[in-house]
Amino acid sequence: MSRGCPVISSNVGGLPDLVMSEWMHEPGDYRTLAKLIQKLASSNNTMLSLSEHSNNVALRYSKAELDRIFGEFFCSNNLR
């Protein structure tokens, strides 16, 4: 995601928080996975849109952004 690659994923763990729901499949559902891969490969616009989404999600987890979030949390809760 941090490289702007489109992501298709199963809906396990924390992945549903990161990947758009229409690009998710149930674990072991290879038929849906194959359909999603075909859908992605068939459209440059779709690939670009999903790449942009991946990049935007990754930016939320940059070191600078995480430092800012943690700093706000610890300062606002007097946990220094």
Side-chain angles (χ1 to χ4, degrees):
M1 293 185 102
S2 67
R3 300 294 183 246
C5 294
V7 175
I8 298 172
S9 174
S10 60
N11 57 0
V12 297
L15 294 172
D17 294 335
L18 304 174
V19 179
M20 294 168 54
S21 61
E22 61 265 27
W23 294 100
M24 303 204 69
H25 60 88
E26 293 291 325
D29 184 358
Y30 63 89
R31 286 186 176 97
T32 300
L33 174 58
K35 288 177 186 175
L36 291 172
I37 292 170
Q38 288 175 331
K39 179 180 175 182
L40 180 62
S42 69
S43 168
N44 283 339
N45 288 338
T46 300
M47 190 168 294
L48 288 173
S49 174
L50 197 51
S51 292
E52 184 177 337
H53 172 77
S54 290
N55 189 53
N56 290 337
V57 168
L59 289 175
R60 296 191 321 228
Y61 296 93
S62 70
K63 181 178 180 338
E65 182 62 11
L66 292 176
D67 287 347
R68 183 189 67 75
I69 291 168
F70 291 141
E72 286 179 4
F73 173 78
F74 288 117
C75 289
S76 67
N77 292 302
N78 296 319
L79 298 175
R80 288 199 250 175

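The figures that follow rest on heavy atoms only: side chains count, while hydrogens, waters and symmetry mates do not.
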inquiry  = Rounded at 0.5 Å granularity, tell me how far CG in Leu50 sits from CG in Leu36.
reply    = 10.0 Å
ask   = Of all heavy-atom pairs between Met24 and Pro16, which one has the smallest distance, and what is that distance?
value = SD-CA, 3.7 Å
query = Once you round to the nearest 0.5 Å, how far does CG of Leu40 lie from CD1 of Ile8?
reply = 5.0 Å
Pairs satisfying side chain to side chain donor-acceptor pair (under 3.5 Å), at least one member in residues 56-71, at least two apart = Lys63-Asp67, Glu65-Arg68, Arg68-Glu72
query = Which pairs with one or both residues in residues 28-38 pass side chain to side chain donor-acceptor pair (under 3.5 Å), sequence neighbours excluded?
reply = Asp29-Thr32
Between OG on residue Ser51 and CE on residue Met47, distance to nearest 0.5 Å = 7.0 Å
ask   = Quick check: does any side chain N or O of His25 sit under 3.5 Å from a backbone N or O of Ala34, one acting as donor and the other as acceptor?
value = no
message = On a heavy-atom basis, which atom in Ser2 and which in Ala58 lie closest, and how many Å separate them?
response = CA-CB, 3.4 Å
query = Can you tell me how far CD1 of Ile69 sits from CZ of Phe73, rounded to the nearest 0.5 angstrom?
reply = 12.0 Å
ask   = Taking a hydrophobic cluster as the set of Ile, Leu, Val, Met, Phe, Trp and Tyr residues connected by side-chain heavy atoms closer than 4.5 Å, whether directly or through intermediates, do Leu18 and Leu66 fall within one such cluster?
value = yes
remark   = Residue pairs meeting side chain to side chain donor-acceptor pair (under 3.5 Å), one or both in residues 8-23, sequence neighbours left out, come to Asn11-Glu26
task = Give a yes or no on whether Ile37 and Leu15 share a hydrophobic cluster (residues Ile, Leu, Val, Met, Phe, Trp, Tyr; joining criterion: side-chain heavy atoms under 4.5 Å apart).
result = yes
task = Give, for atom CG of Asn55 and atom CE of Met1, the distance between the pair rounded to the nearest 0.5 Å.
result = 9.5 Å
